[in-house]
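Worksheet for the structure shown next.
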Amino acid sequence: MEEFAALLDTLVYTTSRNRKLALIADYLRETPDPDRGWALAALTGELDFPAVKSSTIRNLMKDRVDPVLWTLSRDFVGDTAETASLLWPEPERREGNVPSVSQVVEMLGALNRNTAPKELPALLDRLDANGRFALIKLATGGMRIGISARLAKTAFAQAFDVSVDEVEEYWHALQAPYPELFAWGADGGDPPDVSNRPRFRPFMLAHPLEDTEVDVADYAAEWKWDGIRIQLVRVGGESRLYSRSGDDISATFPELLDVLPMDAVVDGELLVRGAQQGGPENEKTQGGAASFNALQQRLGRKTVSKKMLAEAPAFVRLYDVLIVEGEDLREQAWTTRRAALEALMPRLPDTHFDLSSLVDARDFEHLAEIREGARDDAIEGLMLKRRDSPYIAGRKVGLWYKWKRDPLLIDAVLMYAQRGSGKRSSFYSDYTFGCWDGDPDTGAELLPVGKAYSGFTDAELKKLDRLVRQTTLNRFGPVREVERTLVFEVAFDSVHTSKRHKSGLAMRFPRIHRIRWDKPVHEADRIESLRALIRD
Amino acid sequence: MSAPFSWIRPEPWGVHIVPADCWVDPGKAVDRALVTHGHADHARGGHGETYATPETLAIMALRYRTGLADESGEIPTKAIPVEHGETIRLPGDVDATYIPAGHVLGSAQILLEHAGERVVITGDYKRRPDPTCAPFRVTPCDIFITEATFGLPVFTHPPIEDEIAKLTKALTDNPDKSVLVGAYALGKAQRVIAELRAAGHHDPIYLHGAMEKMCRLYEEHGVQLGELRLVSDHTKDEMRGSIIVAPPSALNDRWSRRLPEPITAMASGWMLVRGRARQRGVELPLVISDHADWNELTRTIDEVDPQEVWITHGREEALLRWCELGQRKARALALVGREDEDD
Ligand SMILES: [Zn+2]
Ligand SMILES: [Zn+2]
């Protein structure tokens with residue numbers, strides 16, 4: 001336990017990733033089995049001792065320290081485990097020797113709610129402040145020292161000079177303290193047999209699109225949902241849910257564990273039911289998902305209350321199928337996998353699954369328009385997938401793209417407004433805005449730089465419409481020129497030089513990001529700041 | 001006769017000794033000031049008369065250049081040295097005695113006596129041995145006015161030998177690098193250097209320019225610091241395997257780029273709390289404090305055993321609670337302008 005406590009303490013103060021890797025790798029090489037396996041599980045948050053909660057520790061302390069002094073100390077230190085490790089009364093003499101990590105794990109595992117308050121103190125008495133900190137962190141889970149599963153796997157690979165991809169493959173299929181993993185990695189034994197285990201397969205990832213344009217004949221488009229990308233695996237009737245980094249998050253979303261009716265590996269977006277993303281369920285934008293905030297409430301929990309399950313039920317919007325009933329589809333083209341996924345859908349409960357719908361477009365321009373038309377900030381953008389792409393781990397150029405709405409921002413002044421079309425035809429809903437061509441205080445002028453008709457709510461549209469009518473200077477058919485009184489924060493994807501515009505600039509996909517009712521117009525940006533954002 | 005202790009009155013900017021029209025560690029310029037020690041939140045320039053130990057006066061002269069003038073540097077002021085153990089008579093029949101506080105060079109507690117009543121103001125203090133200053137002396141009194149910088153039961157400062165050993169071990173483990181120690185320029189830096197020497201570390205120690213004058217001042221007052229060199233006079237390679245001492249503000253500064261692969265250490269009582277060390281990007285926290293820890297604070301109150309405890313600054317809530325639990329009469333003074341020293 002001393003070495004583990006020292007490792008933990010050093011990791012706390014280490015910021016460099018390489019240094020962290022080296023520290024963990026050293027520890028793994030120098031520590032015997034099964035201590036190192038348990039330590040690895042503790043670092044990556046895979047140990048769980050239901051009998052020891054943060055409240056167990058608090059209660060132990062309240063019997064030993066004045067509650068006011070405890071609270072003042074806890075507030076100052078900011079961490080219950082650390083405060084308790086510092087305030088624990090040092091015993092007169094340390095009874096017994098310092099236990100090993102395995103002994104600690106064994107003792108903690110044997111505790112129940114009744115025995116914990118009696119047995120934990122004896123354990124704490126055998127350790128110094130650093131050891132107590134390590135023990136409490138280990139027992140209550142949640143090390144929070146910036147060690148992701150990925151980092152730990154990389155450290156393992158580095159310690160024993162094996163490939164991190166292989167480590168990744170075996171890791172989650174095995175149970176702590178991972179004897180097979182160490183037998184293979186450290187002692188040169190056979191690779192673990194994981195064929196019958198619900199293991200994680202590394203995700204296929206996308207590149208940002210940037211200035212590439214693709215042919216919609218070659219690429220299928222899907223909405224990019226703002227949830228968390230997950231992999232749901234069922235093998236031999238046993239299910240696991242993995243996050244993008246390969247962390248096992250099954251315990252956080254128990255409602256998804258017994259719902260795949262067949263052995264399969266599927267890839268999708270985990271979302272919570274709602275109407276913030278794409279509106280209520282509908283043909284055009286699919287919809288039906290709550291904001292990421294709603295999902296956030298459920299992340300990082302080890303146990304989930306009934307109330308949470310009822311209020312924020314999770315479901316998976318499926319993107320892909322990797323394996324179904326023993327058939328590995330990863331080598332197949334996306335079109336084939338998509339057909340398999342569509343064929344699978346009727347067999348899946350619609351309470352927990354739906355299919356990520358495809359976005360049909362005539363051409364790339366049309367696709368851009370559709371992307372813009374989804375006036376919903378919660379939808380992150382579009383995914384473009386090459387129709388003939390196999391499912392390949394990692395990021396391979398040219399196969400999948402993400403076309404994110406990752407905007408540049410500028411403050412511009414409303415200059416003209418035009419009536420919209422369709423149901424917005426009675427409102428002035430299309431806005432032309434401009435930036436200053438110099439210092440507005442010494443007579444600079446506004447030059448139009450772009451036009452936007454999205455990014456505001458219906459209530460805001462009404463307010464804008466009223467403002468346009470009240471401040472009209474001139475009318476040109478459907479267009480009104482207005483007094484320069486209002487600043488928009490405009491978001492856009494990029495800006496390019498253009499001979500067709502008086503400002504010499506053209507913005508790509510501008511939309512209203514925020515209406516700055518509060519901002520004086522002379523504080524809006526100048527043409528030169530917009531020009532500085534050109535990246536041709 | 002007036003009410004007991006009506007002659008001593010806590011005000012937001014310091015403790016006022018009414019019959020002497022005199023202030024202890026005032027936070028603004030006054031006609032007559034008694035100063036416990038040279039740290040900036042206790043010693044300010046610009047007073048009419050300043051009573052302090054010769055060492056504290058020397059420190060103030062160094063820190064404020066013209067010493068005891070105000071900010072414009074024009075109004076000449078009078079510096080009156082008071083030795084440790086010396087008693088001076090102030091107007092209004094008040095006697096003031098300066099007693100070692102063990103905090104930094106020249107630091108003093110001030111015992112005030114008037115009409116048979118005794119008040120001790122500790123300034124800042126510690127009970128641990130320190131080769132750079134005279135040790136704290138317990139002085140019985142009626143009102144004990146104490147600091148509480150580390151007034152929380154989580155603060156138990158480890159023996160300094162352990163922390164110095166961590167420092168020298170980091171050096172032996174990394175002979176090609178250097179260890180950069182952030183330490184307060186007055187007191188902490190010299191104490192760390194003196195303790196390193198006592199532990200047998202006789203290699204040259206490199207200093208940030210801002211440390212030099214104070215180290216010289218300590219040496220002039222008889223504190224041996226061994227061979228000190230200025231970082232600016234040496235190359236990266238010359239400093240490999242060395243200890244470098246700099247003010248905490250220089251730790252993450254551009255300045256540190258001239259050092260050979262520095263491991264960032266910091267010597268401060270706050271380093272006991274992991275979050276504090278992480279916040280400052282410290283890789284090697286050294287829990288070394290010039291203030292009393294929780295046990296020293298509470299033990300000292302028990303030993304002095306006053307009728308009343310007044311708390312000047314720090315984590316006063318917890319110390320108040322401790323007094324309440326022990327049925328001691330106590331109050332917090334809420335002085336303005338006092339900082340969390342020991343950085
Ligand atoms: Zn001080
Ligand atoms: Zn102070």
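All chains are named by letter (A, B, ...) in the order of the sequence lines, taking the proteins before the strands, and each is independently numbered beginning at 1. Note that this is a predicted model, so its numbers are computed, not measured. All values below were derived from every heavy atom in this structure, side-chain atoms included, with hydrogens, water molecules and symmetry-related copies excluded.
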Atom CD of B/Glu238: over 12 foreign heavy atoms under 6.0 Å: yes
Enclosure of A/Arg29 CZ (heavy-atom neighbours >12, cutoff 6.0 Å): yes
Least distance between heavy atoms, B/Arg278 atom then A/Tyr13 atom: CG-CD2, 4.5 Å
Mutual orientation of the aromatic rings belonging to B/Phe155 and A/Phe76 [parallel < 30°, tilted 30-60°, perpendicular > 60°]: perpendicular
Which portion of B/Leu325 sits near chain A, non-hydrogen atoms under 4.5 angstrom: side chain
Residues, nucleotides or ligands: over 12 heavy atoms within 6.0 Å of B/Arg331 CZ: yes
Crowding at CD, B/Glu296 (>12 non-hydrogen neighbours, <6.0 Å): yes
Residue A/Thr14 versus chain B: region with a heavy atom under 4.5 Å: neither
Residue part contacting chain A, namely of B/Arg274, when any heavy atom lies under 4.5 Å: both
Audit row: A/Glu82, B/Val273, side-chain contact (heavy atoms from CB on, under 4.5 Å) steps and yes/no: CA-CA 8 Å; A/Glu82 186 171 356; B/Val273 176; 4.1 Å; yes
From CH2 (B/Trp294) to CG (A/Leu87), nearest 0.5 Å: 10.0 Å
More than 12 heavy atoms from other groups under 6.0 Å of CD on A/Glu92: no
Separation between CG of A/Leu72 and CG of B/Leu319, rounded to the nearest 0.5 Å: 11.0 Å
Whether over 12 other heavy atoms sit under 6.0 Å from A/Glu2 CD: no
Heavy-atom neighbours of A/Asp161 CG exceed 12 at 6.0 Å: no
Under 4.5 Å from any heavy atom of chain A - which part of B/Val282: backbone
Minimum heavy-atom distance A/Leu69-B/Pro153, with the two atoms named: CB-CG, 4.1 Å
Residues B/Val154, A/Thr83; criterion side-chain contact (heavy atoms from CB on, under 4.5 Å); working and verdict: CA-CA 7 Å; B/Val154 287; A/Thr83 313; 4.1 Å; yes
